[in-house]
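Note that the structure is a prediction, hence the values are computed from the model and not measured. Positions are given from 1, in the same order as the sequence printed here.
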Amino acid sequence: MNSYVEHANITVSDLKNTIHFLQTALPDFHVRGEGCSELYDWCHIGTDTSYIALQEVVIDKPVERIPYRQLGVNHIGLVVSDAQSAAQRLHEAGYEEVSFDETHPARKRAYFFDADGIEWEFIEYLSDEAESRNDYTL
């Protein structure tokens with residue numbers, strides 16, 4: 001068996017906002033489970049084989065952070081069948097685009113911020129060949 005990422009867990013300010021963002025970009029994502037603990041409400045959203053675990057913030061103390069320069073998550077990447085369609089749906093829903101990259105011959109990438117300012121990358125692979133997908137020399 002090959003290892004793979006089953007889930008990532010992130011804290012958000014509003015579960016419903018993040019669920020809306022993810023389902024706008026990824027209509028095949030469904031809520032696999034949700035509930036509340038003593039400390040926070042939570043949700044698992046994704047597919048049958050992988051998901052994003054969300055928990056709603058209880059105590060919010062803003063943190064000033066420079067992405068890509070300080071410790072922390074910079075973005076979360078998710079594979080989609082059509083990056084342009086995902087970007088269009090996110091635009092229509094009013095989400096902020098960071099960039100759209102079509103410079104690589106084997107992939108397209110759309111980057112967007114959700115309502116919490118978390119950056120998400122949506123990757124469309126144009127080749128089934130791992131060597132092409134993973135070519136970082138371009």
Side-chain angles (χ1 to χ4, degrees):
M1 180 188 106
N2 290 327
S3 299
Y4 65 96
V5 176
E6 187 220 22
H7 76 276
N9 184 306
I10 61 173
T11 301
V12 299
S13 67
D14 185 304
L15 286 176
K16 289 184 185 352
N17 284 344
T18 305
I19 290 167
H20 180 263
F21 174 82
L22 290 171
Q23 288 182 323
T24 297
L26 310 161
D28 60 321
F29 267 32
H30 62 276
V31 174
R32 293 173 32 146
E34 60 188 327
C36 35
S37 70
E38 287 181 29
L39 301 176
Y40 52 80
D41 291 347
W42 62 272
C43 168
H44 290 180
I45 181 170
T47 66
D48 292 339
T49 56
S50 68
Y51 64 96
I52 304 294
L54 305 172
Q55 62 186 57
E56 197 168 87
V57 69
V58 177
I59 301 171
D60 187 23
K61 182 177 179 183
V63 176
E64 290 187 33
R65 178 181 172 275
I66 302 170
Y68 300 94
R69 300 289 187 261
Q70 293 176 298
L71 293 175
V73 174
N74 294 312
H75 66 264
I76 299 164
L78 302 165
V79 176
V80 296
S81 61
D82 185 339
Q84 188 63 50
S85 292
Q88 182 177 343
R89 288 190 301 273
L90 289 165
H91 274 293
E92 290 171 0
Y95 293 103
E96 179 186 350
E97 181 179 311
V98 177
S99 66
F100 193 95
D101 182 1
E102 297 182 87
T103 59
H104 195 285
R107 62 179 175 259
K108 295 179 185 179
R109 300 177 302 164
Y111 294 82
F112 277 81
F113 286 123
D114 69 10
D116 286 324
I118 297 169
E119 186 177 1
W120 299 81
E121 176 185 4
F122 302 96
I123 308 111
E124 174 187 351
Y125 285 109
L126 307 173
S127 170
D128 290 331
E129 296 178 24
E131 186 174 320
S132 296
R133 289 177 166 207
N134 301 328
D135 183 352
Y136 298 102
T137 61
L138 303 174

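Residues Val73 and Ile52 share a hydrophobic cluster, clusters being chains of Ile/Leu/Val/Met/Phe/Trp/Tyr side chains in contact below 4.5 Å. In the hydrophobic cluster analysis, where Ile, Leu, Val, Met, Phe, Trp and Tyr join through side-chain heavy atoms closer than 4.5 angstrom, Phe112 is grouped together with Ile76. Leu22 and Ile10 fall within the same hydrophobic cluster, where Ile, Leu, Val, Met, Phe, Trp and Tyr residues are linked whenever their side-chain heavy atoms come under 4.5 Å apart, directly or through other members. In the hydrophobic cluster analysis, where Ile, Leu, Val, Met, Phe, Trp and Tyr join through side-chain heavy atoms closer than 4.5 angstrom, Phe29 is grouped together with Leu90. If you chain together hydrophobic residues whose side chains sit under 4.5 Å apart, Tyr51 and Val31 never meet in one group.
Glu34 CD to Leu15 CG: the interatomic distance, rounded to the nearest 0.5 Å, is 8.0 Å. One distance of note links CG of Asp135 with CD of Glu129; it measures 11.5 Å at 0.5 Å rounding. Taking CD from Glu124 and CG from Asp82, the interatomic distance works out to 5.0 Å, rounded to the nearest 0.5 Å. In this structure, Glu97 CD and His91 NE2 are separated by 3.5 Å, a value rounded to the nearest 0.5 Å. How far CD of Glu121 is from OH of Tyr111: 3.5 Å, rounded to the nearest 0.5 Å.
Of the possible polar contacts, none joining the Asp114 side chain to the Thr18 backbone as a donor-acceptor pair under 3.5 Å is found. A donor-acceptor pair is defined here as one N or O able to donate and one able to accept, closer than 3.5 Å; no such pair exists between the side chain of His104 and the backbone of Arg109.
The shortest side-chain heavy-atom distance between Val12 and Asn17 does not fall under the 4.5 Å cut-off. Taking 4.5 Å as the limit, every side-chain heavy atom of Leu78 sits out of range of all side-chain heavy atoms of Ile123. Looking at Asn74 and Glu119, their side chains never come closer than 4.5 Å, going by heavy atoms from C-beta outward. At least one side-chain heavy atom of Pro27 sits under 4.5 Å from a side-chain heavy atom of Arg89.
Asn134 CG: more than 12 foreign heavy atoms inside a 6.0 Å radius. Within a 6.0 Å radius of CD in Glu92, more than 12 heavy atoms belonging to other residues, nucleotides or ligands are found. Other residues, nucleotides and ligands place more than 12 heavy atoms under 6.0 Å from the CD atom of Glu6.
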Task: Tyr68/His75 under side-chain hydrogen bond (donor to acceptor under 3.5 Å, both in side chains): CA gap, chis, key distance, verdict - done: CA-CA 9 Å; Tyr68 300 94; His75 66 264; 2.7 Å; yes
- [ ] Using the side-chain hydrogen bond (donor to acceptor under 3.5 Å, both in side chains) rule, take Ser99 and Asp101 through it: C-alpha gap first, then chi angles, then the decisive distance, then the call.
- [x] CA-CA 6 Å; Ser99 66; Asp101 182 1; over 6 Å; no
Open item on the list: Please evaluate residues Tyr40 and Glu56 with respect to the criterion side-chain hydrogen bond (donor to acceptor under 3.5 Å, both in side chains), reporting the C-alpha separation (whole Å), side-chain torsions for both, the decisive distance (0.1 Å), and the verdict.
Closed with: CA-CA 6 Å; Tyr40 52 80; Glu56 197 168 87; over 6 Å; no
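Between Phe122 and Phe21, the angle of the ring planes lies from 30° to 60°, which puts this pair in the tilted group.
Judged as a side chain to side chain donor-acceptor pair (under 3.5 Å), and not counting sequence neighbours, Ser132 has no contacts.
The shortest non-hydrogen separation linking Ala93 to His20 is CB-CE1, 4.3 Å. Minimum interatomic distance between Cys36 and Asp41 (heavy atoms only, all atoms of both residues): CB-OD1, 2.9 Å. Pairing each heavy atom of Leu126 with each of Pro105, the nearest pair is CD1-O, 3.6 Å. Of all heavy-atom pairs spanning Ala110 and Ala87, the tightest one is CB-CB, 4.2 Å. In this structure, Ala115 and Tyr95 approach most closely via the heavy-atom pair N-CE2, 4.3 Å. Residues Leu54 and Ile45 share a closest heavy-atom pair of CD1-CG2, 4.0 Å.
Here the rule is side-chain contact (heavy atoms from CB on, under 4.5 Å) with His44, and of Arg32, His7, His30 only Arg32 fits it.
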